[in-house]
There are 2 protein chains.
Amino acid sequence: MNAPTGSEVYLPRGRRARKPSGDDRERDILITAERLLEHRSLHDISVDDLARGAGISRPTFYFYFPSKEAVVLSLLDRVVEEARANRAAALERAGDDAWEIWRDGLRAIHDTFRSHKALSRTAAQLFAENPEVRSVWSVVMEGFVGDTVAGIESERARGAAPDGPPARELAIALNWMNERVFLASFTGQDPSIDEERVLDTLLTIWSRAIYAEDRLAGA
Amino acid sequence: MNAPTGSEVYLPRGRRARKPSGDDRERDILITAERLLEHRSLHDISVDDLARGAGISRPTFYFYFPSKEAVVLSLLDRVVEEARANRAAALERAGDDAWEIWRDGLRAIHDTFRSHKALSRTAAQLFAENPEVRSVWSVVMEGFVGDTVAGIESERARGAAPDGPPARELAIALNWMNERVFLASFTGQDPSIDEERVLDTLLTIWSRAIYAEDRLAGA
DNA sequence: TGACTCAGTCAACACTATGTTGATAGCTTG
DNA sequence: CAAGCTATCAACATAGTGTTGACTGAGTCA
C-alpha cells in the first residue's frame, strides 16, 4: 500500500525523485546521519563522513541533499510526523476527560522524541542557527500551543479551571518547559533528572498551573 | 580603584596579562563581538571580522583569544557576574517573605539578560555545541536550581507549601522554563509573547506549581 | 539498432575560514 | 646597551564546503 506516512510533507529538496537505486542512497544517507549523530555533533560530522557512510562520494551526496543540515531537516520532518501519528493514536485510545487527553498526548510526544534522542538534540541546536529548522520547529510548537490554549479555554469556560494569565502565555510557557526539560533528560545533562519520572513532574506542574490544584498524574 | 568586578573568575586564556595597550585591545575585541552579535549569528562572524573591528590583524587576534568562542565565553562570564550582582542587590532591598524574594530575584536576572539579548541568544546556541559554554551555563543554572530547592523545602517545612514532586525536579523544570521563555521573548521568536508581561505569567506558574495557589505576582 | 535522454557518479577545482610559524619592531629594565 | 618581554603581522598549512564538467550505463523509441 505504498506507505503514505504523511512524509509527503517533505518535498525532496534537490532531488528529481522517481527511479530505484536513488531512493536507496537517499535512505542510506539518512540512516548514516542518524547513526553518526548518536556519537558526535553535526558540526563534527563532515559531508564526506555522510557520503562515505552511504557508500558514495562527496559530490554525489550533493545530488541528494543540498547540505548536511537538509539531511537533519528531513529526519526531523519524519520524526515530527511520527510524533503526530503516535499522539493521534494515543488520543484515539484516551477517554474524553480533558486531563486524560493532555496526559496521554504529552506522553506520546515524549516517548516519540525519546526514541530519537540524537536527532532531538541536534534539532534543538540547529533551531538556533538554521532558519529552516527554526521554522519547522516553530510550526510544531505552535500546534502544541494551539491545542493547549483550546484545552485551557474550554476548561475555564466550563468552570473546571480558574482564571489566570492569558491562556496563550500560559500555554507557551508550559510547552517550552516540556521541550527544554525533555531535552535535558535525553542528553543526560543533569544526572538528577530521572528519565522515567520527568513526565510525571511536568504533568503536576501543568495541573497546578492550569487548575491551581493536583489532578491524578499517575498512569 | 582597579574595578575588581569579580571577573577574576575568568582566567585570561592565552594571555599573559599585565601591560597597558594589550588590555585595551582585549576590550576592543569584546566590544566588537557584542556589537556584531546584535546583527548576525556567531557563525556568520569570522575571526577576521572581530580582528578588523578591533583594529588588529587576524593573527594578532589569536594573541588575545584562542577562538571566537572564547570571546563569547568571556562576555558570558561578565554578564553572569553582573546578573549575580544585580540579584544580590535586589535581595538586599527585598523583604524576607519567600515569595517576594523569588519575585525580585527572578526579575533581576531577567532584566540583566534582557539587556544583553544578543549575548543571551548566542550563549544559548553555543550551549549545545561548546563544552565550555555548557559547563559555565550548567553551573549558573545549578546555582538557580539550588536556591529554588532551598526555598521550596523551607516553604514546605513551615507548612506554607503543600507536598508534591521532589523539590529538585520541580526546581529544574521551573528554572529551565524561565530560561527558555526569556530567550524566546528576547529573540522575538513568538510575537505573541509580551516582553513586559512574560515575567508575571512565569511568576504565576511558579506560584501555582509551588503553593498550588496564587500569590501576588504584581510589582 | 543506433541515436537520444537522463539518473547517477566522481575527479578536480575554487573558495572560505581556521589556526600556526617565524620574523620583526619597540618598550623597559637591569 | 643588551636582554627580555609584549605586541604585531605576512605567509603558510590545513580542512571543509560547494560547483563544474565530463563519464557511464540503463531505458526509450523512431
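Naming convention: chains lettered A, B, ... in sequence-line order (proteins, then strands); numbering from 1 in each chain.
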**Q** Strictly by modelled atom types, are B:R168 and A:S192 linked by a side-chain donor-acceptor pair under 3.5 Å?
**A** yes
**Q** Whole angstrom is fine here: how far is it from CD in B:E26 over to C1' in D:dT8?
**A** 16 Å
**Q** Start with the C-alpha distance between A:D48 and A:R52, add both sets of side-chain angles, then the distance that settles salt bridge (Lys or Arg N to Asp or Glu O under 4.0 Å), and finish with yes or no.
**A** CA-CA 6 Å; A:D48 202 54; A:R52 285 178 190 285; 2.8 Å; yes
**Q** Verify side chain to side chain contact (heavy atoms under 4.5 Å, CB included) between A:S41 and B:E129, making sure each step is shown before the conclusion.
**A** CA-CA 7 Å; A:S41 80; B:E129 63 195 43; 5.7 Å; no
**Q** At under 4.0 Å between heavy atoms, which parts of nucleotides 12-19 of chain C does protein reach? Answer with one letter per nucleotide, 5' to 3': B base, S sugar-phosphate only, - none.
**A** B-----BB
**Q** What I want to check is whether the side chains of A:T201 and A:T204 have a donor and an acceptor closer together than 3.5 Å.
**A** no
**Q** With axes from five pairs an end, tell me the bend angle of the helix from C:dT1-D:dA30 to C:dG30-D:dC1, nearest 10°.
**A** 20°
**Q** Could you state the CZ-C1' distance from B:F63 to D:dA10, rounded to the nearest angstrom?
**A** 18 Å
**Q** Using atom CG of B:D28 as one end and atom C1' of D:dT8 as the other, report the distance to the nearest whole Å.
**A** 15 Å
**Q** Using whole Å, what does the distance between atom C1' of nucleotide C:dG8 and atom CG of A:D24 come to?
**A** 13 Å
**Q** Under the side chain to side chain contact (heavy atoms under 4.5 Å, CB included) criterion, do A:D104 and A:R93 qualify, and how do the steps go?
**A** CA-CA 9 Å; A:D104 293 355; A:R93 284 191 300 273; over 6 Å; no
**Q** Examine the side chains of B:D147 and B:W102 and answer whether a donor and an acceptor come within less than 3.5 Å of each other.
**A** no
**Q** Considering just the side-chain nitrogens and oxygens of A:T60, establish if one lies under 4.0 Å of OP1 or OP2 belonging to C:dC10.
**A** yes
**Q** Choose from C:dC10, C:dG8, D:dA7 the nucleotide whose nearest atom is closest to any side-chain atom of A:S57.
**A** C:dC10
**Q** Is any side-chain N or O of A:Y64 closer than 4.0 Å to OP1 or OP2 of C:dT9?
**A** yes
**Q** Whole-Å distance between D:dT17 P and A:N130 CG?
**A** 15 Å
**Q** Do we see a donor-acceptor contact under 3.5 Å between the side chains of A:S74 and A:D77?
**A** no
**Q** Check this for me: B:R197, atom CZ, are more than 12 non-hydrogen atoms of other residues, nucleotides or ligands nearer than 6.0 Å?
**A** no
**Q** Are side-chain N/O atoms of B:H43 and B:Q125 paired as donor and acceptor at under 3.5 Å?
**A** no
**Q** From CG of A:D49 over to P of D:dA15, roughly how many Å is that when rounded to an integer?
**A** 13 Å
**Q** Atom CZ of A:R25 and atom C1' of C:dG8: how far apart are they, to the nearest Å?
**A** 9 Å
**Q** Whole-Å distance between D:dT17 C1' and A:L42 CG?
**A** 13 Å
